[in-house]
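These notes are about the structure you will find just below.
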Amino acid sequence: MAKINENYLKLPANYLFTEIARRVKNYQAENPDAEIIRLGIGDVTQPLPKVCIEAMTAAVAEMGDAKTFRGYGPEQGYEFLREKIAEWNYQKRGLNVSADEIFISDGSKCDCGNIQEIFSINSKIAIGDPVYPVYLDTNVMAGRTGNLVNGRFEGVVYLPCTAENNFNPAPPNEHVDLIYLCSPNNPTGTTLDKAALKNWVDYAQKNDAVILYDAAYAAYITEKNIPTSIYEIEGARNVAIEFRSFSKTAGFTGTRCGYVVIPENLTGKTSAGEKIPLKNLWLRRQTTKFNGTAYIVQRGAAAIYSDEGQAQIRQLIDYYMTNAKIIRAGLQAAGYEVFGGINAPYIWLKTNEPSWNFFDKLLTEYNIVGTPGAGFGPCGEGYLRLTAFGSRENTLKAMDRLKI
Ligand SMILES: *Cc1c(COP(=O)(O)O)cnc(C)c1O
């Protein structure tokens, strides 16, 4: 019989959202008339921007004509999209990122999960707590950690992110090779400012470490002093890889498109000490294991990079961020301490009791579904995440229910 990769068995079986779904289903079965509002899962609800639909419709027509039909595309992504990303997201903001440093993918989850493959199995990783589960779980699967002991994997350097440190973890006193940072953060909805990021870039430079910077929610930043890209920090091009996605920016969660930025001069080293550009390794990985994102989807993604496209995604994001404001205000009025929701579609509220207890209370007393913070890591205990991705109507209704 074939032997399995036993690292998979180190992962806890009970998937967070499966457990939430189970509790909601049970409650609904016992209370068939309860009108449950789901502010739990981080998926968007509003339709794609018109510019994207038009571009994808035109691309479908191209696929139906032998003269314009496309087969396999470039593994790195079409130049028309990479050029637009470089121009609109970086160069227009004074940041030095070129099209050939961008790699298009079918979403950021895969990129955040796959990137660890290009690093040594012996790399020491530092990871936030609470955290988007993908960073940690993929390293567990790869065998880069020990076993789970008291909610933490052995061998991993955890970075507690709590109200006490303003969700702004300091770099560790020990050496690590890889650092996962996510800002604006899922699940806490908080951000790292320039000073905090500069601290991390300095640490990475001193330790020859690489920062894996997840900026999936960059488009949700409203405060002027919060960096939208790690490359706003001097020296970051030598130490950081950035991940972005069209999922939350343009409603592409079901359409699938994301990208990775790996600067030309960013290197890792062999055990013999030879410097190797990380970009070359990623290109090799992608050309071997990935055959590109659909042409139609890349055309849809490229459509957001025009004045009209930007106005349409702005409207979409404003819709969700107005929900975020409503949730923040509603919770505060009901006496809760809340974080996030200003530069991110997530509101992280202090539960003052175990987060699963609070989850049950919210479900049974108010018929509102959130996500227990403990599901994102031990330091998420005592918090609960609500998302602003619901409809306006449901968001208002949910906050109305919390009124005393
Ligand atoms: C939603 C999300 C992503 C993007 O995922 P896709 O695979 O592009 O849909 C990446 N990182 C975080 C933290 C997210 O919440």
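No hydrogens or angles considered: a donor-acceptor pair under 3.5 Å links the side chains of T253 and D43. Judged by distance alone, the side chains of E242 and Y259 never bring a donor and an acceptor atom under 3.5 Å apart. With no hydrogens or angles considered, no side-chain donor-acceptor pair links N166 and N168 at under 3.5 Å. N89 and Y305 share a donor-acceptor pair across their side chains, judged by distance under 3.5 Å alone. Side-chain atoms of D106 and T293 include no donor-acceptor pair closer than 3.5 Å. In summary, the side chains of Y78 and R82 do not present any donor paired with an acceptor at a separation below 3.5 Å, with no hydrogens or angles considered. Using a 3.5 Å distance cut-off with no hydrogens or angles, the side chains of N367 and R401 do not pair a donor with an acceptor. Between the side chains of N185 and T188, at least one donor N or O lies within less than 3.5 Å of an accepting N or O. Of the N and O atoms on the side chains of T138 and Q116, not one donor lies less than 3.5 Å from an acceptor on the other residue. With hydrogens and angles left out, the side-chain atoms of N265 and N238 include a donor and acceptor closer than 3.5 Å. Between the side chains of R284 and T288, a donor-acceptor pair is found at a separation under 3.5 Å. With hydrogens and angles left out, the side-chain atoms of E154 and N147 include no donor and acceptor closer than 3.5 Å. With 3.5 Å as the limit, one finds a donor-acceptor pair spanning the side chains of S98 and D100. Side-chain polar atoms of Y320 and Y220 form no donor-acceptor pair below 3.5 angstrom. Using modelled atom types and a 3.5 Å distance limit, the side chains of Q310 and S306 yield no donor-acceptor pair. No hydrogens or angles considered: nothing links the side chains of R144 and N122 as a donor-acceptor pair under 3.5 Å. The closest side-chain donor-acceptor pair between S391 and E393, if any, does not fall under 3.5 angstrom. A side-chain donor-acceptor contact under 3.5 Å links Y180 and N139.
Inter-residue side-chain proximity for S245 and F252 is flagged as unmet; no heavy-atom pair is nearer than 4.5 Å. Annotation: side chain of I115 is in contact with side chain of L212 (closest heavy-atom distance under 4.5 Å). Side-chain contact between K361 and E353 is present, with heavy atoms from C-beta onward closer than 4.5 Å. Looking only at side-chain heavy atoms (C-beta outward), F119 and D177 stay at 4.5 Å or farther from each other. The closest side-chain heavy-atom distance from T371 to L16 is below 4.5 Å. Taking 4.5 Å as the limit, every side-chain heavy atom of E87 sits out of range of all side-chain heavy atoms of E83. In this structure, the side chains of I326 and L396 come closer than 4.5 Å at one or more pairs of heavy atoms. Side-chain contact between P130 and P187 is present, with at least one heavy-atom pair separated by less than 4.5 Å.
For R328 (side chain) and I347 (main-chain N/O), no donor-acceptor pair under 3.5 Å exists by modelled atom type. In this structure, N323 contributes its side chain and A388 its backbone to a donor-acceptor pair below 3.5 Å. The backbone N or O of M141 lies less than 3.5 Å from a partner atom in the side chain of N5, making a donor-acceptor pair. Side chain of S183 to backbone of L192: a donor-acceptor contact under 3.5 angstrom is found.
Put simply, CG on L266 and CG on L281 are 10.0 Å apart, with the number rounded to the nearest 0.5 Å. Rounding to the nearest 0.5 Å gives a distance of 3.5 Å between OG1 of T191 and CD1 of I226. Atom CD of E308 is separated from atom CD of Q312 by 5.0 Å, given to the nearest 0.5 angstrom. Atom CZ of residue F17 and atom CZ of residue R22 lie 15.5 Å apart, to the nearest 0.5 angstrom.
In summary, D202 and K198 engage in a salt bridge, as defined by a charged side-chain N under 4.0 Å from a carboxylate O. Between K279 and E101 there is no salt bridge, since no side-chain N of the basic residue sits under 4.0 Å from a carboxylate O of the acidic one. A salt bridge links E117 to K289: at least one charged side-chain nitrogen sits closer than 4.0 Å to a carboxylate oxygen. Looking at E381 and K350, no side-chain N of the basic residue comes within less than 4.0 Å of a carboxylate O on the acidic one, giving no salt bridge.
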Take K403 and D400, measure what salt bridge (charged side-chain N to carboxylate O under 4.0 Å, His left out) needs, and give me the verdict at the end. CA-CA 5 Å; K403 278 193 185 143; D400 217 39; 3.1 Å; yes
List the steps and the verdict of salt bridge (charged side-chain N to carboxylate O under 4.0 Å, His left out) for K269 and D208. CA-CA 9 Å; K269 61 174 189 265; D208 259 341; 3.6 Å; yes
Report the C-alpha separation of L402 and M399 in whole Å, then their side-chain angles, then the decisive distance to 0.1 Å, and conclude whether the side-chain contact (heavy atoms from CB on, under 4.5 Å) test is met. CA-CA 5 Å; L402 289 179; M399 291 307 115; 3.9 Å; yes
Begin from the C-alpha positions of Q332 and E337 and carry the test side-chain contact (heavy atoms from CB on, under 4.5 Å) through to its verdict. CA-CA 6 Å; Q332 280 171 333; E337 195 178 353; over 6 Å; no
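Under the rule for a salt bridge (charged side-chain N to carboxylate O under 4.0 Å, His left out), the partners of D318 that lie at least two apart in sequence or sit in another chain are R314. Under the salt bridge (charged side-chain N to carboxylate O under 4.0 Å, His left out) criterion, K50 pairs with no residue at all, not counting sequence neighbours.
Within the cation-pi definition used here (under 6.0 Å to the ring centroid, within 45° of the axis), R285 does not qualify as a partner of F290. Figure legend: K92 and W88 shown as a cation-pi pair, the cationic atom lying under 6.0 angstrom from the six-membered ring centre and within 45 degrees of its axis.
Ring-centre distance between F167 and F339: below the 6.0 Å cut-off. Checked against a 6.0 Å centroid threshold, the rings of Y295 and Y72 do not count as neighbours.
Of all heavy-atom pairs between F359 and V369, the closest is CE1-CG1, 3.9 Å. Across R299 and A55, no two heavy atoms sit closer than the pair O-CB, 3.5 Å. Nearest heavy atoms, P133 versus F376: CD-CD2, 4.5 Å. Nearest approach of R152 to C379, heavy atoms of both residues: NH2-SG, 3.5 Å. Smallest separation of non-hydrogen atoms from V176 and Y203: N-OH, 2.9 Å. A pairwise comparison of heavy atoms in L316 and T249 identifies CD2-O, 4.3 Å as the closest pair.
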